[in-house]
Q: 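Take a look at the following structure, please.
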Amino acid sequence: KSLRIWFFKNIKNSFSICQVALQRDGRALEYVGDELIENMEILTTAIYSHIQALYFVPEKMLKNEEILNILEEYTDDLEFQKLFPDLYNEALYRKNAKEHEENLSNKLVPKDNVILKKPKI
């Protein structure tokens with residue numbers, strides 16, 4: 001019995017086995033062990049494989065910058081929008097803010113191009 005427990009514990013914490021499983025179906029994140037559940041490579045593979053993997057991402061990792069950047073790519077995904085409305089709103093807000101900042105910076109005049117003229121008195 002202890003050998004069986006050891007075997008399953010080691011599978012849950014085997015990076016390569018978890019990666020293969022998550023590539024097939026990201027929802028397998030539910031079974032990933034504690035040693036790997038906060039690993040960014042594991043989480044990224046799971047999310048890209050299946051958006052429902054988000055159900056199994058630890059709460060504190062949902063605030064991670066890398067995770068939020070990934071979620072910006074899913075703002076056109078209706079399943080993401082319906083299942084995770086708070087995360088969807090955060091991702092959409094971030095994406096729109098970045099696009100707005102980029103558009104604005106393209107319109108700004110660089111300081112090097114500004115010619116300062118003294119007013120005539």
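None of these values were measured; they are calculated from a predicted model. Numbers here simply count residues along the sequence, with the first being 1.
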Q: Report, one line per pair, each donor and acceptor closer than 3.5 Å where one atom sits in a side chain of residues 29-36; sequence neighbours left out.
A:
none

Q: Could you measure the distance from the CG atom of Leu78 to the CG atom of Leu83? Nearest 0.5 Å is fine.
A: 10.5 Å
Q: Please report the closest heavy-atom contact between Gly26 and His50, naming both atoms and the distance.
A: N-CB, 3.8 Å
Q: For the side-chain contact (heavy atoms from CB on, under 4.5 Å) test, which of Asp77, Ile51, Leu92 pairs with Leu71?
A: Ile51
Q: Residues in ring-ring contact (aromatic ring centres under 6.0 Å, His included) with Tyr48, at least two apart?
A: none
Q: Give the intermediate values and the outcome of side chain to side chain contact (heavy atoms under 4.5 Å, CB included) for residues Ile67 and Met40.
A: CA-CA 8 Å; Ile67 299 289; Met40 281 307 300; 3.7 Å; yes
Q: Ignoring hydrogens, what is the shortest heavy-atom contact between Ser49 and Arg24? Give both atom names and the distance.
A: OG-C, 3.9 Å
Q: Hey, could you give me the CD/CZ distance between Gln52 and Arg27, rounded to the nearest 0.5 Å?
A: 5.5 Å
Q: Which distance, rounded to the nearest 0.5 Å, do you find between the CG of Leu68 and the CG of Leu87?
A: 7.5 Å
Q: Nearest 0.5 Å please: distance from the CD1 atom of Ile42 over to the CE atom of Met61.
A: 11.5 Å
Q: Would you indicate whether the side-chain heavy atoms of Val20 and Ile17 approach each other to under 4.5 Å?
A: no
Q: Which pairs pass salt bridge (charged side-chain N to carboxylate O under 4.0 Å, His left out) with one or both residues in residues 56-71, sequence neighbours excluded?
A: Glu38-Lys60, Glu65-Arg94
Q: Please report the interatomic distance NZ(Lys95) to OH(Tyr74), rounded to the nearest 0.5 Å.
A: 12.5 Å
Q: Would you compute the distance between atom OG1 of Thr44 and atom CD1 of Ile70 and round it to the nearest 0.5 angstrom?
A: 3.5 Å
Q: So, the side chain of Thr45 versus the backbone of Glu41: is there a donor-acceptor pair under 3.5 Å, distance only?
A: yes
Q: Could you check whether the rings of Tyr55 and Phe84 sit parallel, tilted or perpendicular, using 30° and 60° as the cut-offs?
A: tilted
Q: Any heavy-atom pair between the side chains of Leu54 and Phe80 that's under 4.5 Å?
A: yes
Q: Any side-chain heavy-atom pair from Lys98 and Glu102 closer than 4.5 angstrom?
A: no
